[in-house]
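Computed from a prediction, not measured in an experiment: that's the story for all the values here. Proteins get letters first, then strands, A, B, ... in listed order; numbering begins at 1 in each.
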Amino acid sequence: MNKSFYVTTPIYYVNGLPHIGHAYTTIAADCLARHKRQRGFDVYFLTGTDEHGQKILKAAEEKGLTPLAFVDQIIPRFKEAWKKLEISYDDFIRTTEPRHIQAVQYFLQKLLDQGDLYLGQYKGLYCVPCEVFWTEKQAVGGLCPDCHRSVEVIKESNYFFQLSKYQDWLLKYIEEHPDFIAPESRRNEVLSFLKENKLEDLCISRPQARMSWGIPLPFSPDHVTYVWFDALINYLSALGFPKDEEKLNKFWPSVVHLMAKDILRQHTVFWPIMLKAVGLNPPNKIFAHGWWQVGEEKMSKSRGNVVNPLDLIDEFGIDVCRYFLLREVPFGLDGVFSKDALIKRFNGDLANDLGNLVYRTLTMDEKYFDSKIPLLHEESLDAFARQELLPKIKNIPCKIDEALERLDFITALESIWGLIGAANKYIEVTKPWNLKKENKIKELENFIAILIEVLRVIARELLPFMPQTASKITAQIGSEHVKKGDPLFPRIVEEKK
RNA sequence: CGCGGGGUGGAGCAGCCUGGUAGCUCGCGAGGCUCAUAACCUUGAGGUCGGCCGUUCAAAUCGGUCCCCCGCAACCA
């Protein structure tokens with residue numbers, strides 16, 4: 001049986017349209033999924049949408065729609081975006097689907113039955129017009145931070161989940177599993193949080209009367225499930241929890257959860273404890289990546305500086321966007337997005353290094369051998385090819401495996417670009433135009449043959465990162481004859497102003 | 001003294017754990033080559049490694065202290 005690999009994005013909250021942050025997480029997950037498939041793993045790649053909660057209800061009311069009608073209208077926009085980005089997900093889960101609702105209700109019932117839930121009083125500062133609870137620190141001077149009207153103390157009866165019961169277990173687990181939470185700075189953040197605070201019990205319900213848009217508690221018609229409790233379970237319901245034991249055993253817990261850093265705590269504190277409570281292992285890895293900033297500010301809808309990923313694709317193509325997002329900034333750190341930076345990457349890495357290497361190689365093969373691909377004779381290769389090209393060709397897959405294990409997309413890509421650089425240098429060192437003049441056909445044949453082999457390796461290893469480009473290169477090379485087309489990445493010449 | 005991350009040539013980063021010629025990418029200067037998308041290859045200029053004090057034969061790297069920037073500080077997705 002093949003090894004299995006499960007990768008998830010968060011389920012995106014659909015009170016808005018997909019933006020570059022959503023695309024970033026999803027592209028990263030897609031890259032990992034494609035890579036593992038290529039290496040022979042059985043892969044399950046899950047994405048989806050989070051459709052319950054206060055904000056959805058409000059957004060729907062503003063549009064005069066029922067919540068379900070509202071989300072039904074948004075979901076296609078996400079699916080279209082992922083289709084356009086050629087995201088190779090295996091499953092798209094919606095929290096309004098029966099399979100998910102059943103899983104959540106089973107989960108809740110089990111917790112209740114084993115005594116992990118209790119009915120208590122939720123007390124909080126509530127802003128009635130905004131319909132939002134605030135903490136004491138947030139509501140400075142008893143005022144709502146949003147609308148600046150005064151908040152009221154509200155008490156309501158709700159169900160609670162006793163997190164603190166599992167706190168010591170979680171702390172120990174994180175300490176004993178250094179790779180569980182990444183990057184390390186985030187891991188430290190969670191550790192210090194757990195060491196310095198006693199976990200409060202998590203309020204996992206909302207009164208149906210105040211907030212109706214959620215999954216009903218199976219044991220209380222007066223309550224619906226708190227959205228986060230509902231949402232996290234999606235990672236299990238997509239595996240057929242609790243019924244499909246075969247699928248569950250196959251893919252759990254060999255999972256990597258990807259997300260932006262703002263939802264780290266829910267995934268590293270609530271989620272492992274929830275799993276522990278129902279007798280499942282924590283996920284293998286939880287990775288929180290950074291935010292993209294436009295100019296100086298964090299990208300957000302309210303600031304109106306959102307970069308629409310679909311517009312970018314129209315302008316530059318899928319692969320260029322994928323390459324830029326994965327190559328420009330270490331996964332885990334914040335980055336600054338700008339078109340200038342993207343164009344720089346395009347011209348430098350893609351046009352000059354990769355595109356030009358492919359094009360000049362194909363041109364030479366066309367000129368010297370009428371596009372026929374000569375046979376490679378490894379034993380008679382020159383010193384440079386043996387020392388600089390062959391070892392790289394051999395090592396790249398392993399280097400990429402290691403790098404992607406750490407979600408280090410940059411190092412993985414750099415290993416490919418190391419080969420591209422060596423090949424460009426090889427052409428310079430070998431001076432094939434001289435070989436041609438001197439009629440050294442054998443040498444010339446081997447020279448072209450090894451370069452084409454290099455292109456094959458590049459195309460193969462680039463596939464998870466730039467699927468379209470990889471197929472284009474493969475198609476250009478063919479098996480016996482090359483088919484030189486247009487340059488892969490025509491240089492972008494910026495207009496003078 | 002809440003916890004954590006960071007301040008390295010014009011820009012963005014690596015190096016720091018395991019002290020000993022400060023490295024990479026981009027940009028800029030010069031040269032080479034012509035198969036190629038003014039691309040490619042070689043080479044040069046440019047750094048008090050945030051400030052100060054200390055340990056040491058020797059500190060970007062260890063210790064102390066100060067300054068500045070950025071995260072986290074929970075039930076809001």
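- Annotation: side-chain hydrogen bond (donor to acceptor under 3.5 Å, both in side chains) contacts of A:R206 (sequence neighbours excluded): none.
- A:N197 places its CG atom 12 Å from the P atom of B:C75, with the value rounded to the nearest Å.
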Produce the list of close N/O pairs, under 3.5 Å, pairing protein atoms with atoms of nucleotides 26-33 of chain B; give distances to one decimal.
unit_1	atom_1	unit_2	atom_2	d
B:C26	O2'	A:K344	NZ	3.2
B:G32	N2	A:E428	OE2	3.0

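- The aromatic rings of A:F409 and A:F465 lie perpendicular to each other, with more than 60° between the two planes, well past the 30° mark.
- Judged purely by atom type and a 3.5 angstrom limit, A:H257 has no side-chain atom pairing as donor or acceptor with the backbone of A:T268.
- When the C1' atom is compared between B:G20 and B:G15, the two are found 14 Å apart, to the nearest whole Å.
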Do any N or O atoms of the protein come closer than 3.5 Å to N or O atoms of nucleotides 1-4 of chain B, and which pairs are they?
unit_1	atom_1	unit_2	atom_2	d
B:C3	O2'	A:S192	OG	3.2

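- Atom name P, nucleotides B:G9 and B:G23: the rounded distance is 14 Å, in whole Å.
- Atom OH of A:Y126 and atom P of B:C75 are 15 Å apart (whole Å).
- Taking atom CZ of residue A:F160 and atom C1' of nucleotide B:A74, one finds them 14 Å apart after rounding to whole Å.
- Using a 4.0 Å heavy-atom distance criterion, A:A351 is classed as a base contact.
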What does the list of N/O pairs under 3.5 Å between the protein and nucleotides 44-46 of chain B look like, with a distance for each?
none

Pairing string of RNA chain B (Watson-Crick or G-U wobble, both atom distances under 3.5 Å; | = paired to other strand) is .(((((((.[[[[.)....(..]]]].(((((.......))))).....[[[[[..)....]]]]])))))).....
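- Taking the six-membered ring for Trp and thresholds of 30 and 60 degrees, A:F229 and A:F107 have ring planes more than 60 degrees apart, a perpendicular arrangement.
- Within the 4.5 Å cutoff, side-chain heavy atoms of A:I452 are placed close to those of A:T361.
- The backbone N or O of A:I174 lies less than 3.5 Å from a partner atom in the side chain of A:R187, making a donor-acceptor pair.
- Between A:R206 and B:C76, a side-chain N or O to OP1/OP2 separation shorter than 4.0 Å is present.
- Residue-level contact check: A:K367 touches the backbone only, with heavy atoms under 4.0 Å from sugar-phosphate atoms and none from bases.
- For A:H481 and A:D370, the side-chain atoms include no donor-acceptor pair closer than 3.5 Å.
- Note that CD of A:E51 is 13.5 Å distant from CG of A:L57, once rounded to the nearest 0.5 Å.
- Among the protein residues, A:L357 comes within range of no part of the nucleic acid, since none of its heavy atoms lies under 4.0 Å from any strand.
- Candidate nucleotides B:A74, B:U42, B:C35 were compared by shortest atom distance to the side chain of A:F193, and B:A74 ranks first.
- Note on A:R186: every side-chain N or O is 4.0 Å or more away from OP1 and OP2 of B:G5.
- Rounded to an integer number of Å, the gap from CZ of A:F447 to P of B:U34 is 13 Å.
- Distance A:L202 CG to B:C75 C1': 6 Å, rounded to the nearest Å.
- Put simply, the side chain of A:D116 never gets that close to the backbone of A:F161: no donor and acceptor are under 3.5 Å apart.
- A gap of 11 Å separates the C1' atoms of B:G50 and B:C69, to the nearest Å.
- For A:N356 against B:A36, a side-chain N or O and a base N or O form a donor-acceptor pair under 3.5 Å.
- The nucleotide whose nearest atom lies closest to any side-chain atom of A:L199 is, among B:A74, B:C72, B:U37, B:A74.
- Across all strands, A:Y12 comes closer than 4.0 Å to no nucleic acid atom at all (heavy-atom distances).
- Counting non-hydrogen atoms under 4.0 angstrom, A:K484 reaches nothing in the nucleic acid.
- Residue A:E414 qualifies as enclosed at atom CD: its count of foreign heavy atoms under 6.0 Å is above 12.
- Using modelled atom types and a 3.5 Å distance limit, the side chains of A:T469 and A:D319 yield a donor-acceptor pair.
- Within 4.0 Å of A:L488, counting heavy atoms only, lies at least one base atom of the nucleic acid.
- The residue A:P432 sits apart from the nucleic acid: no heavy atom pair falls under 4.0 Å.
- The residue among A:K437 and A:C203 whose nearest nucleotide of RNA chain B is located toward the 5' end is A:K437.
- A donor atom on one side chain and an acceptor atom on the other are not found under 3.5 Å apart for A:Y226 and A:N158.
- A donor-acceptor distance shorter than 3.5 angstrom exists from the side chain of A:T225 to the backbone of A:I215, with no hydrogens or angles considered.
- Using a 4.0 Å heavy-atom cutoff across all strands shown, A:R327 reaches no nucleic acid atom at all.
- Residue A:R265 places none of its side-chain N or O atoms closer than 4.0 Å to OP1 or OP2 of B:A74.
- Of the candidate nucleotides B:U25, B:A39, B:C41, B:A39 has the atom lying nearest to any side-chain atom of A:N352.
- Rounded to the nearest Å, the gap between the P atom of B:G51 and that of B:A60 is 11 Å.
- Between A:D340 atom CG and B:G12 atom P the separation is 15 Å, expressed in whole Å.
- Closest to the side chain of A:E200, from the set B:C35, B:C75, B:C41, is B:C75.
- Between the CE atom of A:M364 and the C1' atom of B:U37 there is a distance of 14 Å, given to the nearest Å.
- The separation of B:C62 from B:C49, taken at their C1' atoms, amounts to 16 Å, rounded to a whole angstrom.
- A donor-acceptor contact under 3.5 angstrom links the side chains of A:K484 and A:T363, judged on distance only.
- Atom pair A:E156:CD and B:C75:C1' shows a separation of 12 Å (rounding to whole Å applied).
- A donor N or O paired with an acceptor N or O is not found under 3.5 Å between the base of B:C75 and the side-chain atoms of A:Q266.
- Distance check on atom C1': B:C66 versus B:C72 gives 24 Å, rounded to whole Å.
- A donor and an acceptor atom, one from each side chain of A:T26 and A:Y12, are located under 3.5 Å apart.
- When the P atom is used for both B:G46 and B:A22, the distance is 14 Å, rounded to whole Å.
- Taking every heavy atom of both residues into account, A:H223 and A:S205 meet most closely at CD2-OG, 3.5 Å.
- Annotation: B:G27 and B:G63 have their P atoms spaced 38 Å apart (nearest Å).
- Looking at residues two or more places apart in sequence or on another chain, you find a side-chain contact (heavy atoms from CB on, under 4.5 Å) between A:S185 and A:P183.
- Judged by distance alone, the side chain of A:Q167 and the main-chain N or O of A:L199 form a donor-acceptor pair under 3.5 Å.
- Across all strands shown, A:Q54 has heavy atoms under 4.0 Å from sugar-phosphate atoms exclusively, and none from any base.
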